[in-house]
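All remarks here apply to the structure that follows.
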Amino acid sequence: MAEPLLIQPAGPVLRLRLNRPHLHNAFDAGLIAALTAALERAGADPAVRLVVLEGEGASFSAGADLNWMRGMAAASEQENREDALALARLMRTLDELPRPTLARVHGPAFGGGVGLVACCDIAIGTPRARFGLTESRLGLLPAVISPYVVAAIGPRQARRWFATAEHFDAEAALHMGLLHAVVPEEELDAAVQAQLDLLLKAGPVAAASAKQLVRRVMAGGPAEALDADNAALIAALRVSPEGQEGLAAFLGKRAPAWIDSKD
């Protein structure tokens with residue numbers, strides 16, 4: 001059998017390709033475990049600076065595999081809880097990965113596939129991309145992926161789409177914030193590469209830390225404490241090796257050391 005996940009390193013960029021095209025890259029326990037493990041390795045590997053998540057075949061991901069769902073319908077509540085926790089671990093690992101992540105959404109994404117898109121820092125799609133949070137049609141809800149989808153599209157939109165299970169197109173996903181850009185199919189790879197090029201010109205620590213800064217700001221708390229935390233962060237970055245190199249390169253009108261001379 002083919003591997004459910006293709007792991008394709010290319011210098012500082014790691015591509016993770018869901019590889020169950022005959023099932024529209026639907027999840028089962030094996031794919032969830034493989035993707036979680038690959039992300040955990042990427043987060044611990046200093047050679048990996050960026051991660052691209054993509055799908056093989058016609059779809060990005062159709063969500064849950066029907067055969068897997070059939071098995072879980074016959075399982076106990078405890079077994080279902082453990083299964084859901086495995087998916088929750090995948091989503092949190094992707095959302096909190098200490099590397100910038102980019103979803104290349106060339107085709108439909110449903111259910112948990114929407115969760116994967118929402119967890120990535122950048123998401124670019126084509127007009128062929130369609131979306132749906134279809135769990136309510138089965139008497140279920142997108143509970144495990146809800147923190148990430150709500151963060152991406154907002155509570156007002158989430159209340160509608162969670163309840164109705166309607167499909168929506170790429171333009172609606174762009175309007176809601178699930179996608180950052182929609183480009184013609186033939187321009188998708190160029191649009192993805194343009195974002196990767198920008199990320200590779202940013203300081204590796206700075207780019208990897210951006211999501212933590214956003215998360216801390218959104219968490220709120222006392223204004224004085226937030227100001228103190230942000231002042232401490234910028235002070236630490238300014239005196240760090242990366243910050244010193246970046247400032248010296250800017251003042252010296254040269255490229256910083258982390259940019260490949262070919263860029």
Side-chain angles (χ1 to χ4, degrees), residues 5-17 35-54 90-106 116-125 148 151-152 177 179-181 183 187-219 225-263:
L5 181 70
L6 299 180
I7 301 173
Q8 302 169 320
V13 179
L14 179 68
R15 290 182 176 266
L16 300 178
R17 176 168 288 203
L35 184 51
T36 303
L39 289 168
E40 289 175 342
R41 289 194 299 270
D45 185 351
V48 175
R49 288 185 55 188
L50 311 172
V51 175
V52 177
L53 186 61
E54 56 194 3
L90 166 59
M91 296 295 167
R92 191 159 298 281
T93 301
L94 177 57
D95 183 66
E96 298 182 356
L97 193 75
R99 303 288 183 273
T101 54
L102 190 152
R104 178 187 180 277
V105 191
H106 72 293
L116 291 178
V117 176
C119 286
C120 286
D121 301 316
I122 301 169
I124 301 176
Y148 315 106
L179 293 178
H180 290 94
V183 300
E187 297 176 16
L188 179 59
D189 287 331
V192 168
Q193 188 60 52
Q195 291 295 301
L196 297 179
D197 290 344
L198 288 170
L199 289 166
L200 289 171
K201 289 178 180 177
V205 174
S209 302
K211 69 184 78 181
Q212 285 84 2
L213 172 59
V214 173
R215 186 175 293 114
R216 190 174 69 246
V217 170
M218 293 305 296
L226 183 59
D227 289 346
D229 287 343
N230 287 339
L233 173 62
I234 192 60
L237 289 173
R238 284 175 181 167
V239 301
S240 70
E242 180 173 293
Q244 290 285 295
E245 169 61 13
L247 289 168
F250 176 75
L251 295 172
K253 298 182 179 180
R254 61 173 175 82
W258 59 75
I259 294 183
D260 191 299
S261 59
K262 298 188 294 294
D263 292 339

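Keep in mind the model is a prediction, meaning the values are calculated, not measured.
- Between the side chains of Q193 and D197, a donor-acceptor pair is found at a separation under 3.5 Å.
- Residues passing the side-chain hydrogen bond (donor to acceptor under 3.5 Å, both in side chains) test with E54, sequence neighbours excluded: R15, R17.
- Side chains of L39 and T101 form no contact here, defined as non-hydrogen atoms less than 4.5 Å apart.
- Side-chain contact between L35 and L16: present, with at least one pair of heavy atoms (C-beta onward) separated by less than 4.5 Å.
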*Take L233 and D229 through the test side-chain contact (heavy atoms from CB on, under 4.5 Å) and record every step on the way to the result.*
CA-CA 6 Å; L233 173 62; D229 287 343; over 6 Å; no

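- Considering L199, I122, L198, L196 as possible partners of P100, the one that fulfils the side-chain contact (heavy atoms from CB on, under 4.5 Å) test is L199.
- Contact record, P98 with G43: CG-O, 3.7 Å, taken as the closest heavy-atom pair.
- Judged by distance alone, with hydrogens and angles left aside, the side-chain atoms of H180 form no donor-acceptor pair with the main-chain N or O of I124 at under 3.5 Å.
- Sequence neighbours left out, the pairs with a member in residues 35-53 that pass side-chain hydrogen bond (donor to acceptor under 3.5 Å, both in side chains) are E40-R89.
- For the pair V105 and V117, the tightest heavy-atom approach, listed with the atom from each and the gap, is CG2-CG2, 3.8 Å.
- For R104 (side chain) and V192 (main-chain N/O), no donor-acceptor pair under 3.5 Å exists by modelled atom type.
- Partners of A151 by side chain to side chain contact (heavy atoms under 4.5 Å, CB included), not counting sequence neighbours: none found.
- Evaluation of the side-chain hydrogen bond (donor to acceptor under 3.5 Å, both in side chains) test over residues 202-215, restricted to residues two or more places apart or in two chains, returns D95-R215, D121-K211.
- In this structure, SG on C119 lies 7.5 Å from CG on L90, to the nearest 0.5 angstrom.
- Residues satisfying the side-chain hydrogen bond (donor to acceptor under 3.5 Å, both in side chains) criterion with N230, sequence neighbours excluded, are R216.
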Show your reasoning for whether side-chain contact (heavy atoms from CB on, under 4.5 Å) applies to L50 and L102.
CA-CA 8 Å; L50 311 172; L102 190 152; over 6 Å; no

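- For the side-chain hydrogen bond (donor to acceptor under 3.5 Å, both in side chains) condition, the pairs that include at least one residue of residues 237-246, sequence neighbours left out, are E245-R254.
- Considering all non-hydrogen atoms of both residues, L14 and A42 come closest at CD2-CB, 3.7 Å.
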